[in-house]
Q: 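Let me give you the structure first, and then I'll get to my questions.
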Amino acid sequence: MRKYSVKRVFVWILAVMALLMCLAGCEGEQPTTAVPGVSSTPTAQQPTTTNPTTKPTVPTTVPTTAPTVPTEPSQPTVPTQPTVPEDPNPIPEELRSNVYLRGKDAGYCEAMTGKMMVCVIFLDDTISAWDDTARENAVATIDKEIASLEKEAAAYGAELDAEVTYYSTKINLKFDQSDKKRTWAYAALKNIGFADAFYNQDLLESHYRVDNAPVVFVLNREGRAYASTSTGKSTFENVVLYSSELNALRHEMCHVFGAVDFYVPKETEEAAETYLSKSLMLLGAKGEVDEFTALLIGWTETVGPDAEAFLRATNHITQEYLQEQLAADQLTGYGTKEFDNGTYTGYMVSGVPHGEGTYTWNSGQTYTGNWENGQYSGQGTMTWPSGNTYTGAWKDGKQNGYGEMYTARNGQLYKGEFLNGQRSGQGTCTYSNGDVYTGQWKNGNPNGYGEMTYANGDVYKGNFSAGSIKGQGTMVWADGSTYTGNWKSGMQDGEGEMTYANGDRYVGEFLRGKRHGQGICYYADGTVAEGTWENDQFVSASEEPETPDEEIPV
């Protein structure tokens with residue numbers, strides 16, 4: 001501690017006294033207050049000198065507060081380590097290499113968020129075309145599917161503002177799913193003025209000023225919907241739909257934005273059934289966007305408990321194993337593939353029956369013949385467990401064209417034309433009781449002009465409607481009786497002429513197979529009955545008109 005000398009103390013005292021005197025001299029003079037009626041001019045006064053009666057008190061003690069003594073410099077502090085920022089990746093580290101995360105933020109369409117324009121192209125090719133009614137129905141379904149996506153996105157707190165623009169075009173070639181160059185797609189885009197979008201999809205986004213512009217091709221026939229995706233930035237990605245599967249749009253759109261199917265391999269399907277059982281990537285059109293799919297398509301960055309459980313259940317699946325399973329599932333060429341409801345052996349394209357092959361269902365039903373994009377198409381034979389068989393032409397998965405169908409339940413054998421699985425057109429059916437019908441068919445029943453030869457010898461030639469004799473026609477019975485005229489519900493009804501086996505002949509009105517109304521009957525014995533008939537009985541004769549008197553010429 002430092003010591004202070006007497007001289008230094010005395011200097012401190014003088015400094016304090018000077019400070020006090022300065023403070024006292026700084027007090028300003030008070031102004032003179034003027035008295036009413038008295039001059040305000042001050043009276044001259046001689047300045048006075050005042051001597052202080054007391055001397056300033058001199059401190060007798062040393063100040064108790066000593067000046068601050070500088071401290072010795074401290075040792076430099078060790079800098080603290082910077083705080084490690086929190087990991088922004090919501091996926092647990094041990095799950096980040098899961099093969100099912102590979103689609104997240106991959107390809108051209110990375111996240112299904114923001115403003116989106118869905119470009120729908122109604123495609124006519126050389127084998128199918130759209131009509132106004134079919135197109136209107138398709139537009140209604142597609143609009144509904146897109147609205148559902150917006151609603152589901154909102155449920156996850158994602159912003160999705162989607163619109164749809166529709167185009168129609170015809171290409172002079174057949175759509176071919178196996179065409180790796182997708183010549184048909186380029187031709188369609190060229191027709192609507194967006195050929196360059198095939199190589200750079202940014203053009204569509206720039207044109208519509210949106211964040212995403214996926215393309216959807218729609219064909220007016222049956223088929224299996226699919227999505228074409230890529231891992232390149234400027235590579236064309238699209239969806240192909242058929243009029244028979246328009247409600248698969250949500251499923252396929254999710255594929256374009258990174259979602260994956262839960263069908264292959266088996267352990268993935270089982271994990272999805274356990275933790276993501278309502279997923280549209282498992283159930284197709286009947287499902288909804290699950291929390292794992294929402295993560296892949298950019299609707300959420302949160303890994304929910306079900307999504308995490310799915311990832312843990314599939315975390316052992318390697319890329320090599322998955323590729324092997326997918327290759328088997330997506331086989332192109334000849335091979336055998338197991339499906340949920342049966343087994344297929346034959347030619348395939350991307351795992352879909354295409355070409356000659358046989359499908360055997362677990363129920364025992366079999367089909368052997370030609371396939372196109374997973375549908376029966378061309379010539380083939382179907383055999384059902386009930387004993388029914390069909391051999392003939394197929395198109396879009398149904399009997400279309402000429403074929404032969406045997407129905408075991410009622411013993412019918414039909415040979416003729418079919419339309420969308422129904423006997424329609426010209427054909428002959430032999431019934432189990434021996435009856436034979438040859439003529440026109442519609443919706444599975446005799447309809448139009450035809451000839452029915454009954455097993456008992458009766459023959460009818462004339463019109464049919466929905467399987468029943470109706471309209472104009474002639475029946476010749478085995479006993480020789482004939483009727484020509486109008487029919488309804490298989491009975492004479494309306495105007496007609498009936499010749500009986502005994503020689504009687506009736507011309508007139510019938511009701512439910514009996515003479516009823518006005519008519520005339522010529523009996524074999526030469527008598528005639530003309531008048532009103534009821535329930536096949538003559539009830540009253542017609543009144544003969546009065547003959548006017550002849551005028552006698554004058």
Side-chain angles (χ1 to χ4, degrees), residues 177 221-226 242 244-245 247-248 251-252 260-287 290 310 313-314 317 321-322 324-400 403-412 418 420-422:
Q177 180 179 343
R221 57 178 182 264
E222 293 197 10
R224 185 176 178 181
Y226 69 95
Y242 295 85
S244 59
E245 287 191 351
N247 56 4
H251 178 100
E252 302 303 336
V260 294
D261 279 326
F262 296 144
Y263 313 137
V264 180
K266 192 65 177 178
E267 48 264 54
T268 298
E269 183 178 21
E270 292 173 352
E273 289 174 344
T274 301
Y275 303 109
L276 308 170
S277 59
K278 296 182 180 180
S279 173
L280 86 165
M281 308 313 293
L282 178 69
L283 302 178
K286 298 180 181 180
D290 62 273
F310 172 78
T314 58
I317 296 177
Y321 175 70
L322 181 60
E324 177 186 323
Q325 295 296 307
L326 288 174
D329 185 68
Q330 300 294 316
L331 173 67
T332 295
Y334 187 89
T336 297
K337 181 177 177 179
E338 297 289 337
F339 291 86
D340 288 340
N341 61 353
T343 303
Y344 173 80
T345 299
Y347 290 94
M348 291 173 272
V349 173
S350 299
V352 177
H354 191 88
E356 291 292 326
T358 297
Y359 197 105
T360 302
W361 283 263
N362 298 334
S363 64
Q365 179 178 338
T366 62
Y367 171 81
T368 299
N370 197 65
W371 299 74
E372 185 172 345
N373 297 326
Q375 300 289 331
Y376 326 124
S377 183
Q379 293 295 310
T381 297
M382 182 77 77
T383 302
W384 288 267
S386 63
N388 296 352
T389 61
Y390 171 82
T391 299
W394 298 79
K395 182 181 178 182
D396 298 332
K398 296 180 180 179
Q399 297 102 315
N400 276 284
E404 298 184 7
M405 178 80 182
Y406 174 72
T407 306
R409 177 178 56 82
N410 52 23
Q412 293 183 10
F418 286 78
N420 295 327
Q422 299 274 11

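Computed from a predicted structure; not experimentally measured.
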Q: Is the shortest side-chain heavy-atom distance between Met348 and Thr332 below 4.5 Å?
A: no
Q: Should Met405 and Thr389 count as side-chain neighbours, where that means a heavy-atom distance under 4.5 Å?
A: no
Q: Side chains of Glu404 and Thr391: do they bring a donor and an acceptor to under 3.5 Å?
A: no
Q: Aromatic contact between Phe310 and Phe262, with the criterion being ring centroids under 6.0 Å apart: yes or no?
A: yes
Q: Can a donor-acceptor pair be found, under 3.5 Å and without considering hydrogens, that links the side chain of His251 to the backbone of Ala285?
A: no
Q: Contact between Asn362 and Phe339 at the side-chain level, heavy atoms closer than 4.5 Å - yes or no?
A: no
Q: Calculate, to the nearest 0.5 Å, the distance between atoms CD and OG1 belonging to Glu270 and Thr314 respectively.
A: 12.5 Å
Q: Got a donor-acceptor contact below 3.5 angstrom from the Asn410 side chain to the Gln412 backbone?
A: yes
Q: When you measure from the side chain of Thr336 to the backbone N and O of Thr345, does any donor-acceptor pair fall under 3.5 Å?
A: no
Q: Examine distances only and state if a side-chain atom of Asn400 and a backbone atom of Lys395 form a donor-acceptor pair shorter than 3.5 Å.
A: yes
Q: Are Met382 and Gln399 close enough that some pair of their side-chain heavy atoms sits under 4.5 Å apart?
A: no
Q: With under 30° as parallel and over 60° as perpendicular, where do the rings of Trp394 and Tyr376 fit, or are they tilted in between?
A: perpendicular
Q: Out of curiosity, Lys266 NZ to Gln325 CD, how far, rounded to the nearest 0.5 Å?
A: 11.5 Å
Q: Within the distance-only criterion (no hydrogens, no angle test), does the side chain of His354 pair as donor or acceptor with the backbone N or O of Asn373 below 3.5 angstrom?
A: yes
Q: Do Glu273 and Leu282 have side-chain heavy atoms sitting under 4.5 Å apart?
A: yes
Q: Where is the tightest heavy-atom contact between Glu356 and Asn370, given as atom of each residue plus distance?
A: OE2-OD1, 3.6 Å
Q: Between the main-chain N or O of Met281 and the side-chain N or O of Ser279, is there a donor-acceptor pair closer than 3.5 Å?
A: yes
Q: Under the side-chain contact (heavy atoms from CB on, under 4.5 Å) rule, what do Tyr321 and Glu267 come out as? Steps first, then yes or no, please.
A: CA-CA 12 Å; Tyr321 175 70; Glu267 48 264 54; 3.0 Å; yes
Q: So Tyr347 and Tyr334, ring-ring contact (aromatic ring centres under 6.0 Å, His included) or not? Walk me through it.
A: CA-CA 4 Å; Tyr347 290 94; Tyr334 187 89; 5.1 Å; yes
Q: Which heavy atom of Ala248 sits nearest a heavy atom of Ala225, and at what distance?
A: CB-CB, 4.0 Å
Q: For the pair Lys337 and Asp329, find out whether any cationic side-chain nitrogen is under 4.0 Å from an anionic carboxylate oxygen.
A: yes
Q: If you compare all heavy atoms of Phe418 against all heavy atoms of Gly403, which two are closest, and at what distance to 0.1 Å?
A: CE1-O, 3.6 Å
Q: Do you know the tightest heavy-atom contact between Pro385 and Gly364?
A: CG-C, 4.1 Å
Q: Trp371 and Tyr344: ring-ring contact (aromatic ring centres under 6.0 Å, His included), yes or no, with the steps?
A: CA-CA 11 Å; Trp371 299 74; Tyr344 173 80; 5.4 Å; yes
Q: Go through the steps to decide whether Glu338 and Thr343 satisfy the test side chain to side chain donor-acceptor pair (under 3.5 Å), and finish with yes or no.
A: CA-CA 5 Å; Glu338 297 289 337; Thr343 303; 2.8 Å; yes
Q: Minimum heavy-atom separation for Glu372 and Ser377, please, with both atom names.
A: OE1-OG, 3.4 Å
Q: In the structure I gave you, are the side-chain heavy atoms of Trp384 and Tyr390 within less than 4.5 Å of one another anywhere?
A: yes
Q: Heavy atoms only: give me the nearest Glu222-Tyr242 pair and the separation to one decimal.
A: O-CD2, 3.6 Å
Q: Looking only at atom types and distance, does a side-chain atom of Asp396 sit under 3.5 Å from a main-chain N or O of Arg221, one as donor and one as acceptor?
A: no
Q: Determine whether a donor-acceptor pair (N or O, by modelled atom type, separation under 3.5 Å) exists between the side chain of Asn388 and the backbone of Ser386.
A: no
Q: Return the CG to CG distance between Asp261 and Leu280, rounded to the nearest 0.5 Å.
A: 9.5 Å
